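Read the structure below first, then the notes.
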Protein chains: 2
Amino acid sequence: MRDQDLERVRRLPLFATMDDAGFDRLAPISYLQQFPAGVHLISEGDQADFLHVVVEGSVELYATGNGRETTVAIIQPVTAFILAAVLKDMVYLMSARTLENSRILMIPAGSIRETMETDTAFCQAMVRELARGFRSMVKTVKNQKLRTAAERLANYLLVAHEQQGTGGQVKLPFEKRLLAAYLGVTPENLSRAFKTLETSGVRNSRTMIHIDDLSALRKMAQPSPLIDTPEEW
Amino acid sequence: MRDQDLERVRRLPLFATMDDAGFDRLAPISYLQQFPAGVHLISEGDQADFLHVVVEGSVELYATGNGRETTVAIIQPVTAFILAAVLKDMVYLMSARTLENSRILMIPAGSIRETMETDTAFCQAMVRELARGFRSMVKTVKNQKLRTAAERLANYLLVAHEQQGTGGQVKLPFEKRLLAAYLGVTPENLSRAFKTLETSGVRNSRTMIHIDDLSALRKMAQPSPLIDTPEEW
DNA sequence: TATTATAATTGATATTTATCAAGCTTATTC
DNA sequence: GAATAAGCTTGATAAATATCAATTATAATA
């Protein structure tokens, strides 16, 4: 494992307060691997053997059932994912695949549990991360149950615009069909939702979005910090 | 606080491993209160000042937005709820109200956080409970995004039937309009979903449901342990 | 027991969303 | 640069769900 990657993982809030001895024990028994886009990392229903950390690239968490498939989350660096299954020594509820060339750190699940039992600071960091994940999922449930597809898209664009800080423009970091799956609609319906937002000052061409009237979009979207604000550490 | 209630809370897995000194510190500064049905306990957006535990009765966690309202969870005894907001010292993302006459224990949030910092066993119990909550929310997202209303109802009935163990019969523990909100549909649409399930051997009158053909219902529902199995401790 | 209130059902209609197919645009490969 | 593949848009139609209103059934109250 490269020192540079190790440093980036070390600085992750989840690991930042872990004592040195514990971290030094985990590093040599973990694997850091490079994957191209589209590689299957995890299958729902599989036993959670590793804690995965996205060091570079991005990962899609998705789920299937009743002949359908949906995107539950999109993981950007540097972030661990699906801690819950690891901590409870259970099966994964979601599958994962790389969206682009990605470097993934895999730490054996047993070692994570052992470290958590002896390292109080790590245990508390775990509590914060799990609480963050729980709140994030609650916001997803609210977004899905309380809003139409166009409303979810409008709010997504407002958040992305806020994060990118590029006056009036938003660049989607992935294909539109992935955004559709994430928002819980078909690609055709996402296209129609974009069409609907034209009357609220939104123009788009492929992954480039232009917001010509921010206040009109806000009015349409009715954003709420209890749904839209990304959960921080 | 009655000794009997104290004992029931003590036996909750979240508190069962807490050391005696810590538990003895929390008990005298907590409040146990009796509420009639329909009482507003928590408002989304409010600062999380207490950890709430349902000792008796039941509590609905709901959320509002865009002029709509939905039920996110229904809490039965003995269970704590919305730990995440308490642990991170943040606002509640959900509101709560009693569904029936209920006894609620309220433990000051600051004391919970302090105890977690010093009591390793309690911290680890917290990790398990938050992981359980996270997984439960993931299942809710999957249920909502991957299934139709009739499918969600069918699976709900299968789980309830399994839990009640009453050969071919299920008694809904609350009104149908609450079940509708929980499943993410209007009361009218829930009624139509029940109608749809008649061809799968389901009859109902008010809160009493009869399942005349379990295998037909299973076939229609396509249950999955990755969605339907209630998350245990 | 009768009356009133509430919950649930049913009908009609509107809206949202999915499905299917075809065409267009853009990216990739040779 | 041309051909091919993939992503996206658009049109038509079907299905799912919401809304609104009226009726029926059940529970609560007097």
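Treat the numbers as computed from the prediction; the structure is a model and nothing was measured. Numbers restart at 1 for each chain; the letters A, B, ... are given by sequence-line order, proteins then strands.
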Q: Could you tell me the separation between the CG atom of B/Leu183 and the P atom of D/dA16, rounded to a whole number of Å?
A: 16 Å
Q | Six-ring centre of B/Phe35, B/Arg103 cation under 6.0 angstrom, axis tolerance 45° | A | no
**Q.** Whole angstrom value for the distance that separates C1' of D/dG7 from CE of A/Met208
**A.** 18 Å
Q.
Rounding to an integer number of Å, can you tell me how far A/Leu190 CG sits from D/dG7 C1'?
A. 12 Å
Q | Contact list for residues 189-204 of chain A, test salt bridge (charged side-chain N to carboxylate O under 4.0 Å, His left out), sequence neighbours left out | A | A/Arg203-A/Asp212
Q: With axes from five pairs an end, tell me the bend angle of the helix from C/dT1-D/dA30 to C/dC30-D/dG1, nearest 10°.
A: 50°
Q: With a 4.0 Å heavy-atom cut-off, tell me which residues in residues 141-149 of chain B come close to DNA chain D, sorted by residue number.
A: B/Thr148, B/Ala149
Q. Taking atom types as modelled, is there a side-chain donor on A/Gln76 or A/Ser58 under 3.5 Å from an acceptor on the other?
A. no
Q | Contacts of type side chain to side chain donor-acceptor pair (under 3.5 Å), residue A/Ser215, not counting sequence neighbours | A | A/Asp213
Q. A/Lys195 side chain N/O closer than 4.0 Å to the phosphate oxygens (OP1, OP2) of D/dT9?
A. no
**Q.** Qualifying ring pair (Phe, Tyr, Trp, His ring centres under 6.0 Å) pairs with a residue from residues 64-89 of chain B, counting only residues at least two apart or across chains
**A.** B/His52-B/Phe81
Q: Would you kindly give the CZ-to-C1' distance between B/Phe194 and D/dT17, to the nearest whole Å?
A: 17 Å
Return the polar atom pairs (N/O with N/O) between nucleotides 11-15 of chain D and the protein under 3.5 Å, or none.
unit_1: D/dG11; atom_1: N7; unit_2: A/Arg192; atom_2: NH1; d: 3.3
unit_1: D/dG11; atom_1: O6; unit_2: A/Arg192; atom_2: NH2; d: 2.8
unit_1: D/dA12; atom_1: N6; unit_2: A/Arg192; atom_2: NH2; d: 3.0

Q.
Between B/Glu56 and B/Arg8, does any NZ, NE, NH1 or NH2 come within less than 4.0 Å of an OD or OE carboxylate oxygen?
A. yes
**Q.** Residue A/Arg177, side-chain atoms from C-beta onward, closest of C/dA8, D/dT10, D/dG7
**A.** D/dG7
Table please: side-chain donor-acceptor pairs of residues 86-93 of chain B below 3.5 Å, with sequence neighbours left out.
unit_1: B/Lys88; atom_1: NZ; unit_2: A/Glu232; atom_2: O; d: 2.7
unit_1: B/Asp89; atom_1: OD1; unit_2: B/Gln47; atom_2: NE2; d: 3.1
unit_1: B/Tyr92; atom_1: OH; unit_2: B/Phe50; atom_2: O; d: 2.9

Q. Is B/Arg135 salt-bridged to B/Glu231, going by a charged N under 4.0 Å from an acidic O?
A. yes
Q. Can you check the B/Asn66 CG to D/dT19 P distance for me, whole Å?
A. 12 Å
Q | Heavy-atom donor-acceptor pair, A/Ser224 side chain to A/Leu226 backbone, under 3.5 Å | A | yes
Q: For A/Arg128, enumerate each residue passing the side chain to side chain donor-acceptor pair (under 3.5 Å) test, keeping only those at least two apart in sequence or located in another chain.
A: none
Q | By side chain to side chain donor-acceptor pair (under 3.5 Å) - contacts of A/Gln222 (at least two apart) | A | none
Q: Rounded to the nearest angstrom, tell me the gap between atom CZ in A/Arg68 and atom P in C/dT17.
A: 15 Å
Q) Nearest-Å distance, CG (A/Leu179) to C1' (D/dG7)? A) 14 Å
Under 3.5 Å, which N/O atoms of the protein pair with N/O atoms of nucleotides 26-28 of chain C?
unit_1: C/dT26; atom_1: O4'; unit_2: A/Arg206; atom_2: NH2; d: 3.4

(Q) Expressed as a whole number of angstroms, how long is the span from B/Leu172:CG to C/dA8:C1'? (A) 12 Å
All N/O donor-acceptor pairs, side-chain side in residues 154-161 of chain B, below 3.5 Å, sequence neighbours left out:
unit_1: B/Asn155; atom_1: ND2; unit_2: B/Glu151; atom_2: O; d: 2.9
unit_1: B/Asn155; atom_1: ND2; unit_2: B/Ala221; atom_2: O; d: 2.9
unit_1: B/His161; atom_1: NE2; unit_2: B/Gly168; atom_2: N; d: 2.9

Q.
For a quick test of reading the model: is some side-chain N or O of A/Asn189 closer than 4.0 Å to OP1 or OP2 of C/dT19?
A. no
**Q.** salt_bridge(B/Arg10, B/Glu7) N-O dist < 4.0 Å
**A.** no
Q: Could I get the full list of side-chain contact (heavy atoms from CB on, under 4.5 Å) partners for B/Lys171, not counting sequence neighbours?
A: B/Gln164, B/Thr207, B/Met208
Q) Does A/Thr186 place a side-chain N or O at less than 4.0 Å from the phosphate oxygens OP1/OP2 of C/dA18? A) yes
